[in-house]
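Have a look at the structure below before the remarks.
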Amino acid sequence: MEKYLYFRTQADEDNDDGIDDSIYIKTSSITGVLTTGTTAITIFFNSVRNEAGNGTDDENVISDSVIVNVTAGKTKQVLQAIVRAINST
């Protein structure tokens, strides 16, 4: 069974009405994870737009990312919780 992750930038669900307010991605689309300092985790995944020539210098966009902001020093615990959720049955 395919699992998904849901990310939303709007605190109020009623304001979640723009193209950049939320995303729902397959966990199998994740291509990498990077901890950025002590307060952020960047999750990379196959592009949902996958547009040719839409990036800087007209390159093809094949990857997107979301940044998950976390409490300082808690990146490891948050990352472990995400992995546990993905691996759970």
Exercise. To the nearest 0.5 angstrom, please state how far the CG atom of Leu34 sits from the CD1 atom of Ile41.
Key: 10.0 Å
Quiz item: Should Phe7 and Tyr4 be counted in the same cluster of Ile, Leu, Val, Met, Phe, Trp and Tyr side chains packed under 4.5 Å apart?
Solution: no
Quiz item: How would you list, by chain and number, every residue that makes a side chain to side chain donor-acceptor pair (under 3.5 Å) with Thr36, sequence neighbours excluded?
Solution: Thr42
Quiz prompt | With Tyr24 via side chain to side chain donor-acceptor pair (under 3.5 Å) - residues at least two apart | solution = none
Self-check item: Non-hydrogen atoms of Glu2 and Ser28 that approach each other most closely
Solution: OE2-OG, 3.0 Å
Quiz prompt | Closest approach of Ala40 to Asn69 (non-hydrogen atoms, all atoms of both residues) | solution = CB-OD1, 4.0 Å
Quiz item: Would Phe44 end up clustered with Val70 when hydrophobic side chains under 4.5 Å apart are linked, directly or stepwise?
Solution: no
Self-check item: Distance, nearest 0.5 Å, that separates CD1 of Ile82 from OG1 of Thr27
Solution: 12.0 Å
Exercise. Check Ser47 against Ser63 and note the closest heavy-atom contact, atom names and distance.
Key: CB-N, 3.6 Å
Self-check item: Cluster overlap Phe45 with Val83, hydrophobic side-chain contacts below 4.5 Å
Solution: no
Quiz item: For the residue pair Ile43 and Val68, what are the closest heavy atoms and their distance?
Solution: CD1-CG2, 4.2 Å
Quiz item: How many angstroms lie between CG in Leu5 and CD1 in Ile30, if you round to the nearest 0.5 Å?
Solution: 5.0 Å
Quiz prompt | Ile23 CD1 to Thr9 OG1 distance, which is reported to the nearest 0.5 Å | solution = 11.0 Å
